[in-house]
Amino acid sequence: MFTDEKWSSSKNWFIAAVIWIIIGMSMGLLTAAKQIWPDLLNNRWTTYGHIRSAHVMLVIYAWLSMAYVGSMFYMIPKLAKTKIYSEKLGNFSLVFYNIVILEGFFALLDGQTSVIEYGEFPLWVDVQLLIAIVIVAYNLFKTVGQRTEKMLYVSLWYFLGSLLWLPLTWIVGNFPAQWIPSGVQQGLMGWFLGHNAIGLWMTTVGVGQIYYLLPKLTGRPLYSHQLSMIGFWAIATFYVWNGPHHLMNGPIPSWISKAGVIPSIVLLIPVWAVLANFWGTMKGSWAQTRTNVPLRFTMAGTIFYLFACLQGPLQALPSVSSVIKFTHWTVGHAHMGPFGAFSFTSFAAIYYILPKIVGREMFSKKAMEAHFWFSTVGFLVFAFSLWIAGVVQGFAWIEGVPFLQTVLMMEPYVQGRAIGGTMMYVAQFFLAWNMYKTIKVAKQEKKQQALHQAVTA
Amino acid sequence: MKKENQQHDEDRKDEDLVSGIKIEHNKVPKLLVAVFYVVAIWAIGYAIFMPGKLEVEPEAAPQDNKGELIFTGTCLNCHATGAAPDLKGVTDRLKEEDIKNVIKNGRNTMPAIGHLYTDKEIDKVYEFLEDYR
């Protein structure tokens, strides 16, 4: 039933991922549109609350996670110098994972939610998704187990770490948090998942991707082994404590508050170490970004990563938090990591890996360029609208401007966000179309070749 | 798998070759080391000396402006936006009893919000409305 064709699982995870980015981002665009026209599609299924949480869950656990798994199904066997432990199991886990995501999607539209940000799916979906994740992790760990390369390249540390951390944070964030009755503890448990889904899954797999892609795309050696070590162990040590900064100035004990602020700032160490390593590797290769779109996506991703990680630690400070908390600012920030940094590296991974799998280069270079520019410019318009909005909003609240008036003040920014968001959304159609064409043409070419060989033989 | 660097290059440290990817052993840039130390020292200092939360100053005086606080904090959310009638000089138009009644029990599209306040607070709001024009 499930094929064990070489690289099929990697390819299929990518295809599913790209279908989900379109669905997930259309939910996001609808959310943005509802802030302009609040009565738009106001029915039982698509109220604001349902759509917003569906958007968040789909882009993270459907699009980004599937793109990550797709990359790992290619990069891990390559780095381990072996083949995937089981392509069949890989394809099975893909189907299973997608069924679970569909269930979660409809559960959210139906109004079922566990009200944990980044963990909104109800319990019955959480359990199944955990099983799906564990199957994927099992397959990939087995692959590393049968490796013929003795040393583990740094990407592998990140991938294997992430494959352990994701199920762990998923368990801590989703299960006890639904049983603990009262607010503050629940909030802390929930944010353990919320921030570690970002830090010990999205960030770490993304960084692993970059470590793989950079030397391959530039042909240059990785700059420093020591920096890789510092970056990896520092993030593995400090990241788990970032959750409390989401409850800054809230009713949490002040030692927990401090225990959230300090690691947030200390994160500057792994982030800068990793970036120094990337940019050291890039030395002398920056000119290539002009023509090499995957490399440009990767480098733009690292730059957005830097900015996200300059904002993040600052936002954790109680004084800064008191201005921007609950404003549009946070939304702008929250998109920079998952979209600006790590969707970009995943786009690069797709553009690098897919041609290798199907045996032909991407169908259209122009579409890749369009994908890059629409994504980048769209994101900048989107993000700056929200950042300006957030600062205006934050200070207006402090000034005591009546709340509804502050809502009305947001009109132009909310419109700006929707325009940027539309561009980000349109960009993904270039990706989807290009992928579709590449795979189709590659198939035709293979057929023709086979025919040609049969005739000449 | 360590591999001696074939082309002997003075500047370049020995490279490892892992999974076909070369890894150099450049030193950590000095600036970065400095940043690491600054961050570490800051972290220890913050842990020892800072409260970890924003300190909220207790209200200086007992709240004799309670009426105004309630009015700007709650009523203006509707009454300053065109969603509800302007309340400037409302005490000329309506009797004290009627106004308090609207606040307590609501009227048409204005919700009842009496349960949020004590009678004394509602008196304060009324006093404020008398001067609000």
Side-chain angles (χ1 to χ4, degrees), chain A residues 78-81 147 149-156 211-212 214-216 219-228 230 234 248-250 252-263 265-269 272-273 276-277 280-281 313 317-319 321-322 400-405 407-408, chain B residues 1-3 5 7 9 11-56 65 68-84:
Chain A
K78 277 283 177 187
L79 290 172
K81 290 194 174 156
R147 71 185 189 275
E149 163 74 70
K150 251 219 252 103
M151 302 247 278
L152 295 179
Y153 180 64
V154 41
S155 295
L156 277 179
Y211 268 121
Y212 183 89
L214 263 194
K216 296 278 178 189
R220 289 192 36 95
L222 185 69
Y223 180 69
S224 162
H225 179 69
Q226 208 181 0
L227 279 174
S228 327
I230 296 173
M248 196 45 60
N249 296 322
I252 51 174
S254 58
W255 72 267
I256 292 189
S257 181
K258 271 201 245 186
V261 177
I262 293 170
I265 303 263
V266 170
L267 275 189
L268 288 175
I269 294 177
W272 289 21
N277 213 358
T281 305
L317 295 173
S319 49
S321 179
S322 70
V401 178
F403 182 74
L404 265 183
Q405 210 166 311
V407 175
L408 296 177
Chain B
M1 270 172 249
K2 249 206 175 135
K3 211 178 163 191
N5 203 348
Q7 321 127 318
D9 193 341
D11 297 340
R12 196 165 267 190
K13 298 276 150 50
D14 285 17
E15 291 177 347
D16 290 334
L17 190 71
V18 181
S19 313
I21 297 174
K22 286 197 202 122
I23 303 172
E24 289 181 341
H25 288 266
N26 288 302
K27 282 224 184 78
V28 179
K30 285 211 182 66
L31 176 70
L32 214 54
V33 177
V35 170
F36 293 169
Y37 276 112
V38 170
V39 169
I41 292 167
W42 173 89
I44 295 167
Y46 194 92
I48 298 173
F49 297 112
M50 296 297 280
K53 275 188 176 185
L54 222 52
E55 279 180 278
V56 183
N65 62 343
E68 184 181 353
L69 285 179
I70 293 174
F71 186 75
T72 52
T74 305
C75 318
L76 275 189
N77 282 328
C78 300
H79 283 280
T81 55

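Owing to the predicted nature of the structure, the values given are computational and were not obtained by experimental measurement. Here is how names work: the chains are called A, B, and so on, in the same order as the sequence lines, proteins then strands, and each is numbered from 1.
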Below 4.5 Å, heavy-atom pairs only: which of A/W272, A/F403, A/Y223 has the largest tally toward chain B?
A/Y223

Hey, could you give me the CG/NE2 distance between B/N26 and A/H225, rounded to the nearest 0.5 Å?
13.0 Å

Against chain B, label A/I256 side chain, backbone, both or neither, depending on which of its atoms sit under 4.5 Å from a heavy atom there.
neither

Side chains of A/P215 and B/I23, heavy atoms from C-beta outward: is any pair under 4.5 Å?
no

Which of B/C78, B/A80, B/A47 touches chain A most, by non-hydrogen pairs under 4.5 Å
B/A47

For B/V39 against A/V266, the heavy-atom pair lying closest together:
CG1-CA, 3.7 Å

Rounded at 0.5 Å granularity, tell me how far CD in B/E24 sits from CG in A/N277.
10.0 Å

Could you check whether any side-chain N or O of A/E149 sits under 3.5 Å from a backbone N or O of B/S19, counting only pairs where one atom can act as donor and the other as acceptor?
yes

Which value, rounded to the nearest 0.5 Å, describes the distance between B/K22 atom NZ and A/L222 atom CG?
12.0 Å

Any side-chain heavy atom of A/I265 sitting closer than 4.5 Å to one from B/Y46?
no

Heavy-atom proximity to chain B below 4.5 Å, by part of A/A259:
neither

Heavy-atom contact with chain A under 4.5 Å, split by part of B/V28
both

Ranking A/L408, A/V407, A/I262 by heavy-atom pairs under 4.5 Å to chain B gives rank one to A/I262

Would you say that B/I21 contacts A/L79 through its side chain, given a criterion of any heavy-atom pair below 4.5 Å between the two side chains?
yes

Bottom line for B/P29: the part with an atom under 4.5 Å from chain A's heavy atoms is side chain

With a 4.5 angstrom heavy-atom cut-off, which part of B/L32 approaches chain A: side chain, backbone, both or neither?
side chain

Nearest non-hydrogen partners of B/P51 and A/S254, listed with the distance
O-CB, 3.4 Å

Please look at A/L156 and chain B and tell me whether the side chain, the backbone, both or neither of the residue comes under 4.5 angstrom of a heavy atom of that chain.
neither

